[in-house]
Amino acid sequence: MIDTKELKSRYDEIKKNISDRYMNVDLDEIIAIQDERYSIMQETEALRTKRNENAAKMKGKLEQDVRMALIEEGKKIKAELQEKEEKLAELDKTFQEKARTIPNYASPKAPVGKEDKDSLAIKFYGEPTKFSFKAKDHVELGEELDILDFESGAKVSGQKFYYIKNKAVILQMALERYAMDIVLKHGFTPFITPDIAKEEILNGIGFNPRGEESNIYTIEGTGTCLVGTAEITLGGYYSNMILDKKDLPIRMTGLSHCFRREAGGAGQYSKGLYRVHQFSKLEMFIYCLPEESEKAHEEILSIEEEIFQGLEIPYRVVDTATGDLGAPAYRKFDIEAWMPGRGESGEYGEVTSTSNCTDYQARSLNIRYRDDDGKVKFVHMLNGTAVALSRAIVAILENYQNEDGSVSIPKALIPYCGFDRIEKC
RNA sequence: GGAAAGAUGUCCGAGUGGUCGAAGGAGAUGGACUCGAAAUCCAUUGUAGGCUUCUAGCUUACCGAGGGUUCGAAUCCCUCUCUUUCCGCCA
C-alpha cells in the first residue's frame, strides 16, 4: 500500500494517479474515514492514559475505602474504553481495507492511457516469422503431434486444463533448466517455492483473494490460497524483517506452479495454452535500495530479453500504459513474443512481465532495511518472469513449425532436450 | 499425530499481578584517558502511531501471534504458530 500519512499532502497527485489508471477509488471517503479514525484514536488514548494513571495510584498501601473508590473509577474507565476500542478496531479494519485499494504511484515515464493499445512498444527484436505455408496455431500443432491434450484436461479437471505429453514434457523441462541457467549466471539464488500461501501474504503483495473478479483460488477453511505466481512466495519470504543494507540487492529466482481462475477469460485470444488455470513459471525477484530499483528493473528486463533472444524468437518490449498497470506497479515492461498462430496471421502475445513495485509491497509486508543514518526504511521490490513455460511453449511451437507439421527445437535448447525436432510418431 | 520443555530488546539473559519499556552482560556509537591503540571509566543506544507550544515536549501500543481474566498483565487462563527433545507415521 502507499504511505497513508501522505493522503492529504499528496492529495492531487494520488487523485490524478487514480484517474490515470482508470480506477474507481474514492479518496475523499478514505480520508474521511482516516479523520474519524484519528479522532477516535485520540479519545481512546486519553482513556488509556486515565486508566494507567488510575492503576498507578493503587501501587502502595491504601485505606480500604480509598482503594474501593479507585477500583470503582477503574471499572467505569474500563467500560468506556471498551466501547471506544471496539469502534476504533472497526474503523481500523475499514480504513486498512479501503486504503489498500489505492494504487501505487505510477512512474512519470509510464505512458498514460486506458488500455493495452495505449502501451508503448519501445523495442523490437527480430522480424515476425514468415512461412511459405499457412501457419498453424499451437493447439493444432500440439494435438497433431500428440504432445498437448486439451480434451483429456477438460474431461478430468475442467476447461483450461491440459496434459503435456511426450517430447513436450522434455521440452518444458529443458526450457526450465535453460532459463534457470541464464538467471543463475546473473547471481540469483534459486528456489522452489510453496504453491500455497496465506491470504495475508497475498494481500501484502497486492492480490485480492476475495471477490467475484479475483483471479485467485482460495482453499476453503484454511486462510490460504493457491499462488498465481512465485512473486507471492518470493515476496513474502522476508515479510516482517529488517534486512541488512550490505545484503542488498537480494536476487531470488523461484520455480512454482501458478494457478489462476481466469473467470470469463475465453475466446480466440485465450485459446489453448495461452490462458490456462495452471502452468509453471520461473520467476525473478529483487529486493533493493530505493535508489537502485530503476536500474534493477532494467536488469530484469535485460535478462528476460537474453532468454528470448537465446531462443531466437522475435519479440517486442512494451512499456505498459497506466490504465493497464497492476495496482502495486510503479512501472511495468512486458515482452510480447511473436505468435504466428495468433489472430488472423500472427500477433504479438505477452510472454513475460516485469514490475517495479517500489515500496508498495514492502510497506504492506513490512520489509525494511537499516540505512546509514540509522533509520529503518522500506526496501523496493521488483518481480519479473524468467519464463512462463506454457506461453514459451506456445511461442516455440508456432515459430519453429515446419511445413510437414513437425516442430524444430531452438538451437539453445537442443543440448537440454537431447533431440532437435518433434514430429508425428 | 501424541508427549515434554521453551519463545523477552541487535545478541545473551533476568523477571510468577502494580516500584517493568523491562535488571545484568555483550555489542554498537559518542566522550575521557593515551603519541596512538588495548584496557579502564562516563554517557547514549528498540519499533510503530497520535497530539502539541514541532531541530523539542507529551502520550499510546508492542516481552512469539490472537483472545480472555483483572481497577491494573511480560507475569494468570485459553487458542494458535514456531523451536528443541522423545514416540508414532510416512515419500
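Lettering of chains follows the sequences in order, A, B, ..., and the numbering in each one begins at 1. Keep in mind that what you see is a predicted model, and the values were worked out from it rather than measured.
Residue A:Lys5 is classed as a sugar-phosphate contact, given heavy-atom separations below 4.0 Å to backbone atoms only. No contact: A:Arg37 has no heavy atom under 4.0 Å from any strand. Among the heavy atoms of the strands lying under 4.0 Å from A:Arg51 are primed sugar atoms or P, OP1, OP2 only; no base atom is included.
Here the separation of B:U44 from B:C51, taken at their P atoms, is 30 Å to the nearest Å. When the P atom is used for both B:C12 and B:G17, the distance is 26 Å, rounded to whole Å. Nucleotides B:G1 and B:U79 are separated by 16 Å at their P atoms, to the nearest Å. Look at the P atom in both B:A4 and B:C80: the space between them is 14 Å, to the nearest Å. As rounded to the nearest Å, B:U60 and B:U69 have C1' atoms that lie 23 Å from one another. To the nearest whole angstrom, the two P atoms, one in B:U55 and one in B:A65, are 35 Å apart. B:U84 sits 32 Å from B:G25 when the P atoms are compared, rounded to a whole Å. The same atom, C1', is picked in B:A73 and in B:A22; the two are 13 Å apart, to the nearest Å.
When the P atom of B:G18 is taken as reference, atom CD of A:Glu53 falls 20 Å away, rounded to whole Å. Atom C1' of nucleotide B:G17 and atom CD1 of A:Ile71 are separated by 13 Å, given to the nearest angstrom. One can place CZ of A:Arg368 at 8 Å from C1' of B:A48, the figure rounded to the nearest angstrom. A straight line from CG of A:Leu70 to P of B:U70 spans 18 Å, rounded to a whole angstrom. Distance, A:Glu80 CD to B:G72 P: 13 Å, rounded to whole Å. With rounding to whole Å, A:Glu85 atom CD is found 14 Å from B:G68 atom C1'. In this structure, the CG atom of A:Leu7 is 15 Å from the C1' atom of B:G50, given to the nearest Å. Distance A:Asp3 CG to B:A48 P: 12 Å, rounded to the nearest Å.
The A:Arg67 side chain lies nearest to B:G18 when the options are B:G18, B:G50, B:U60. Side-chain proximity of A:Lys78 to B:C71, B:C51, B:A61: nearest is B:C71. Here the nucleotide nearest the side chain of A:Tyr38, chosen from B:U60, B:C51, B:G18, is B:C51. Considering only side-chain atoms of A:Gln42, the nucleotide from B:G50, B:G18, B:U47 that sits closest is B:G50. Comparing atom distances between the A:Glu45 side chain and each of B:C71, B:G50, B:A61 picks out B:G50 as nearest. Listed nucleotides B:C71, B:U60, B:G50 differ in distance to A:Thr49; the shortest reach to its side chain belongs to B:U60. Of the candidate nucleotides B:A61, B:G49, B:A48, B:G49 has the atom nearest to the side chain of A:Met41.
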Pair A:Leu243-A:Arg368, side-chain contact (heavy atoms from CB on, under 4.5 Å): steps then yes or no = CA-CA 6 Å; A:Leu243 304 174; A:Arg368 298 167 296 169; over 6 Å; no
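Between A:Tyr287 and A:Tyr238, a ring centre-to-centre spacing shorter than 6.0 Å is recorded. Between A:Tyr369 and A:Phe378, the ring centre distance reaches or exceeds 6.0 Å.
Of the nucleotides present, B:C87 is the one that pairs with B:G1 by Watson-Crick or G-U wobble criteria, both distances under 3.5 Å. In a base pair of the Watson-Crick type (N1 to N3 plus N6-O4 or O6-N4) or a G-U wobble (N1-O2 and O6-N3), with each distance short of 3.5 Å, B:C62 is matched with B:G46. When both pairing distances are held under 3.5 Å, B:C51 makes a Watson-Crick or G-U pair with B:G57. Within the shown strands, B:G31 is the pairing partner of B:C41 under the Watson-Crick or G-U definition, both distances less than 3.5 Å. In this structure, B:G6 forms a base pair with B:C82, meeting either the Watson-Crick or the G-U wobble geometry with both donor-acceptor distances under 3.5 Å.
Nearer to the 5' terminus of RNA chain B, by closest-nucleotide assignment, is the contact made by A:Ala55 (compared with the other of A:Ala55 and A:Arg48).
The side chain of A:Asn54 places no N or O atom within less than 4.0 Å of a non-bridging phosphate oxygen (OP1 or OP2) of B:G18.
Note: A:Tyr217 and A:Phe259 have perpendicular aromatic rings, judged against thresholds of 30 and 60 degrees for the angle between ring planes.
Using a 4.5 Å heavy-atom threshold, the side chains of A:Ser239 and A:Asn366 count as separate.
Between the side chains of A:Thr229 and A:Lys281, a donor-acceptor pair is found at a separation under 3.5 Å. Residues A:Gln361 and A:Glu231 bring a donor and an acceptor atom of their side chains to less than 3.5 Å of each other.
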